[in-house]
Amino acid sequence: MDFNAPHSMGTTIIGVTYNGGVVLGADSRTSTGVYVANRASDKITQLTDNVYVCRSGSAADSQVVSDYVRYFLHQHTIQLGQPATVKVAANLVRLLSYNNKNFLETGLIVGGWDKYEGGQIYGVPLGGTIVQQPFAIGGSGSSYLYGFFDQAWKGRMTKDE
């Protein structure tokens, strides 16, 4: 076995809360097996002015979920006259993912800030479960980060940390 051979790590997405906000991150490569189809794709999508989603899995599936959620949140904002909360956005992602779980192959992380609860991160893995966490890691490359977070994570970090 050649341990120096290149290997595919797939997509890695992450959302982290800190004292006062949220940081979202994603790699930029889109792959099809071992073939890199696009070296500069954007896997973080804006849903509202204050809420974003990190996308992993099937690009088509995650894009259509993002598009529907963005549309529903726009309607929600018009009807209420104020921006939707992060929790509302995450629950819309969960609802679409769960109700279509037999057809979708996507894992998502919803993150953002609102005036009611501040910075928030919600993981919505394959199947449509929703979990609010101080940080969420997803995608097929996520296993490489779990060990680091087990060692380095601490609550109430500052933006600089």
Side-chain angles (χ1 to χ4, degrees), residues 9-28 42-161:
M9 293 187 294
T11 293
T12 306
I13 57 175
I14 186 168
V16 180
T17 58
Y18 66 89
N19 191 14
V22 169
V23 176
L24 299 172
D27 68 301
S28 62
D42 190 1
K43 297 178 185 177
I44 303 176
T45 302
Q46 184 175 19
L47 298 177
T48 68
D49 289 342
N50 59 317
V51 182
Y52 290 77
V53 63
C54 295
R55 305 177 294 109
S56 68
S58 166
D61 291 353
S62 66
Q63 286 171 348
V64 77
V65 169
S66 299
D67 288 346
Y68 272 110
V69 170
R70 187 181 314 105
Y71 171 77
F72 290 137
L73 290 173
H74 180 71
Q75 296 302 315
H76 180 85
T77 300
I78 290 170
Q79 288 176 349
L80 293 182
Q82 63 181 4
T85 64
V86 181
K87 185 182 280 188
V88 166
N91 273 301
L92 279 172
V93 169
R94 176 206 50 89
L95 187 65
L96 284 169
S97 296
Y98 181 77
N99 287 339
N100 297 284
K101 66 183 169 218
N102 294 327
F103 309 105
L104 298 174
E105 293 184 12
T106 184
L108 304 151
I109 296 173
V110 179
W113 187 93
D114 63 53
K115 63 183 179 182
Y116 302 106
E117 295 188 44
Q120 300 154 72
I121 295 289
Y122 293 88
V124 184
L126 187 67
T129 301
I130 188 170
V131 182
Q132 184 177 11
Q133 301 168 287
F135 68 87
I137 306 168
S140 57
S142 63
S143 58
Y144 294 92
L145 288 177
Y146 278 108
F148 172 75
F149 267 75
D150 285 345
Q151 184 260 336
W153 173 259
K154 60 182 181 179
R156 299 190 183 271
M157 287 191 287
T158 66
K159 186 176 181 179
D160 291 336
E161 290 174 305

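Atom CZ of Phe149 is surrounded by more than 12 heavy atoms from other residues, nucleotides or ligands within 6.0 Å. Within 6.0 Å of OH on Tyr18 lie more than 12 heavy atoms contributed by other residues, nucleotides or ligands. Taking a 6.0 Å sphere around CD of Gln133, one finds it holds more than 12 heavy atoms contributed by other residues, nucleotides or ligands.
Between Lys43 and Thr11, the shortest heavy-atom contact is NZ-OG1, 2.9 Å. Pairing each heavy atom of Val53 with each of Ser66, the nearest pair is CG1-OG, 3.5 Å. When all heavy atoms of Gln120 and Asp114 are compared, the pair lying nearest together is NE2-OD2, 2.9 Å. When all heavy atoms of Tyr98 and Gly127 are compared, the closest pair comes out as CD1-O, 3.4 Å. The two residues Ser97 and Gly128 have their closest heavy-atom pair at CB-CA, 3.8 Å. The shortest heavy-atom contact between Arg94 and Thr129 is CG-C, 4.4 Å.
To the nearest 0.5 Å, atoms CD1 (Ile14) and CD1 (Ile121) are separated by 9.0 Å. To the nearest 0.5 Å, atoms CD (Glu105) and CZ (Phe103) are separated by 12.0 Å. With rounding to the nearest 0.5 angstrom, the OG1 atom of Thr106 is 11.5 Å from the CG atom of Leu96. Interatomic distance, OG of Ser56 versus CD1 of Ile137, reported as 12.0 Å (0.5 Å rounding). To the nearest 0.5 Å, atom CG of residue Leu145 and atom CG of residue Asp150 are 11.0 Å apart. Residue Phe135 holds its CZ atom at 10.5 Å from CD1 of Ile109, rounded to the nearest 0.5 Å.
Under the rule for a side chain to side chain donor-acceptor pair (under 3.5 Å), the partners of Ser62 that lie at least two apart in sequence or sit in another chain are Arg55.
His76 places none of its side-chain heavy atoms less than 4.5 Å from the side chain of Leu92. The shortest side-chain heavy-atom distance between Asp160 and Met157 does not fall under the 4.5 Å cut-off. Here the side chains of Leu24 and Ile13 are not in contact, with every heavy-atom distance at 4.5 Å or above.
In this structure, Asn50 contributes its side chain and Gly112 its backbone to no donor-acceptor pair below 3.5 Å. Of the possible polar contacts, none joining the Thr12 side chain to the Asp27 backbone as a donor-acceptor pair under 3.5 Å is found.
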Query raised in the report: Between Glu161 and Asn19, does a side-chain hydrogen bond (donor to acceptor under 3.5 Å, both in side chains) hold up when you go through it step by step?
Result: CA-CA 10 Å; Glu161 290 174 305; Asn19 191 14; over 6 Å; no
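The only option from Val86, Asn91, Thr85 that meets the side chain to side chain contact (heavy atoms under 4.5 Å, CB included) definition with Val88 turns out to be Thr85.
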